[in-house]
Amino acid sequence: MNPLYIHDSLSGEKKEFTPVNPDFVGLYVCGPTVYSDVHLGNCRSFTSFDIVYRYLMYKGYNVRYVRNITDAGHLEGDADINADDKMAKAAKALKLEPMEVAHRYTLGFHKMMDVFNNLPPSVEPRATGHITEQIRMVQDILKNGYAYEVDGSVYFDTVKFAKENAIYGELSGRKLDDLQAESRELKNQGDKRHSADFALWIKAEPTTLQVWESPWGLGFPGWHLECSAMSTKYLGSEFDIHGGGEDLKFPHHENEIAQNCGACGKSPVRFWMHGNMLLLNGKKMSKSIDPETGVSNSVMPDELFEGKSPFFSKPYSPMVLRFLMLQAHYRSPLDLTDEGIQAAEKGYIRLMEGQRALAEMKYEGEEALTSEDQQVNALMERALKDMDDDFNVPKALASLFVLVNKINSFKSGRASVNAISKETFEKLQKFFADFVFVIFGLKDETQGGDEGSSEIVDGLMEFILEMRQSARANKDWGTSDKIRDTLNALKIQLKDGKDGTTWTVNN
RNA sequence: GGUCGCGUGGCCGAGUGGCUAGGCAAAGGUCUGCAAAACCUUGUACAGCGGUUCGAAUCCGCUCGCGACCUCCA
């Protein structure tokens, strides 16, 4: 297996990846808080890590992919622990039980992951299902002296921890001094000794909806705690990769490290991976309402797929969006614009048609080895090498497009497929399909007909194309063009090639 | 205000000391009944100003512009 290099956000360096246990990889990714529908920015993040998951498996690792569902304890606003959390707020607004809210948006989230063709994780633990584990972790942290209880709530003693452990602030580049300086400006400190301290366990108010019994009385867990408790439970106290959006670095992940160290005495993660943001016309996509414009700078997936977003001129399919995401590196911001996604749509179609042409191609005749053979092999190797270089998907994709060029020249007859060996040809066929479908997780939406109706549609299309062919043979251009134009109006595009006519559906 | 990051050809977006990124768009050509598709050819881009170096888009400094985090966000 070729070495894989991964950029670790904690050290800021690209390091060779070696798992804690050979052949096994533990991957933890922060999942959604299920109080509302996911937007496209959320989808980008999960798609980035889906490709990480897929590629690790492609390389032969046995991956345990854990992605949590946050269904409790995620507070709104600043340090005011008396306010409702996100779940409670949504429950009240929708007049539903918190668990109903969680269920509704969990289903929506799963559906959207499926639409984007993101694979389900191996385990999808919920915060509410791991209260015992979280309480135990609070107890461990208390025992180790890094937390204190005040009136039924337990806080992490960030100041003490930071003084004794240089690691605090390393991930987000924050200094304890800066944190102390910030304290003067913040309000609502409540019972906390210091503004940088954060709640591990929060005492319930009489109106709190989700409460559990604990050694400190009725309450609920703090947001950061669930990830620490659940990653430890399913992946151990030290595991390979922890992923999440860039915006979770601070305070969420910083505090997660502190909790794990505070409880177990060691840094939990070998490689921290942070995905960059999806921008909408140059600004971070976000659900919150812009006070100036009164609208949120975000697009919901369905709005995009149905063409209902005011930001876009027409509908775009999920795979076009997935393709757009592939064109940018996961650590770079990606700007979503109408122009950009339109270009992606064409690129996606080109890639898919290349893949299909290759899959249907037959190797005929004698081998006549040329330098083409070497070039094709080099391109395949380079694409894999690029993936091994911190999952450089856009670079690998570039090699695939050079291969599309070669495939097309075989198809059009400009070059002969015999210029490469039969072995290389077969390798290329497998390689290309693996990359497009298995690693990149794309689906071919351009092919006519869905599974259920394909037989009828294919039969009809064959018949129509025969009619057109005979019209053309009789130089009946009126009829042949009418067939072409009518099909075109139905978004079926005909393509006349040297071996007859093919067709695709363009959305 | 503090911390961090970025500024690449018409657009998107890789590259991070010398080696063609790629996609979209545009122009010319080949093919075609016409078109579409496909193929061939065409762009010496790296915010500005200095510096280091044999050599810089790539390293350093300054200036300008943009973004993220510091409060919930993937």
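Labels below follow one simple rule: chain letters A, B, ... track the order of the sequence lines, proteins then strands, and each chain is numbered from 1.
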Does a distance-only test, which skips hydrogens and angles, find a donor-acceptor pair under 3.5 Å between the side chain of [X] and the base of [N]?
X        : N     : answer
A/Asp335 : B/G67 : no
A/Asp386 : B/A14 : no
A/Ser399 : B/G22 : no
A/Arg484 : B/A35 : yes
A/Arg414 : B/U41 : no
A/Arg174 : B/C4  : no

Does [N] have OP1 or OP2 sitting under 4.0 Å from an N or O in the side chain of [X]?
X        : N     : result
A/Asn42  : B/A74 : yes
A/Lys395 : B/G15 : no
A/Ser332 : B/A14 : yes

Closest nucleotide among B/A14, B/A36, B/A38 to the A/Asn392 side chain: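 Looking only at heavy atoms from C-beta outward on A/Asn392, the closest nucleotide is B/A14.
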From B/C69, B/A21, B/A36, nucleotide with atom closest to A/Gln493 side chain: B/A36
Donor-acceptor pair between A/Asp50 and A/Thr47 side chains, under 3.5 angstrom: no
Test item: side-chain donor near acceptor, A/Thr70 and A/Asn68, under 3.5 Å: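 A/Asn68 and A/Thr70 do have a side-chain donor-acceptor pair below 3.5 Å.
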Whichever of A/His252 and A/Asp496 has its nearest RNA chain B nucleotide further upstream toward 5': A/Asp496
Closest-nucleotide ordering on RNA chain B, the 5'-leading residue of A/Ala328 and A/Pro32: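 Looking at RNA chain B, the more 5' nearest nucleotide goes with A/Ala328.
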Axial cation check for A/Tyr155 ring with A/Arg193, 6.0 Å and 45° limits: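 No, A/Arg193 and A/Tyr155 do not form such a contact.
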Aromatic A/Tyr5 / basic A/Lys15 pairing, under 6.0 angstrom, 45° off normal: no
Would you classify [X] as touching base, sugar-phosphate or nothing, given that sugar-phosphate means primed atoms plus P, OP1 and OP2, and contacts are heavy atoms under 4.0 Å?
X        : result
A/His329 : sugar-phosphate
A/Arg44  : nothing
A/Leu278 : base

When you compare [N] with [M], how far apart are their [atom1] atoms, in angstrom units rounded to a whole number?
N     : M     : atom1 : value
B/A27 : B/G10 : C1'   : 13 Å
B/C66 : B/U53 : P     : 35 Å
B/G5  : B/C40 : P     : 42 Å

Whether A/His224 and A/His252 hold their rings parallel, tilted or perpendicular, with breakpoints at 30° and 60°: tilted
Nucleotide forming a Watson-Crick or wobble pair with B/G7, both distances under 3.5 Å: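 Across any shown strand, B/G7 pairs with B/C64.
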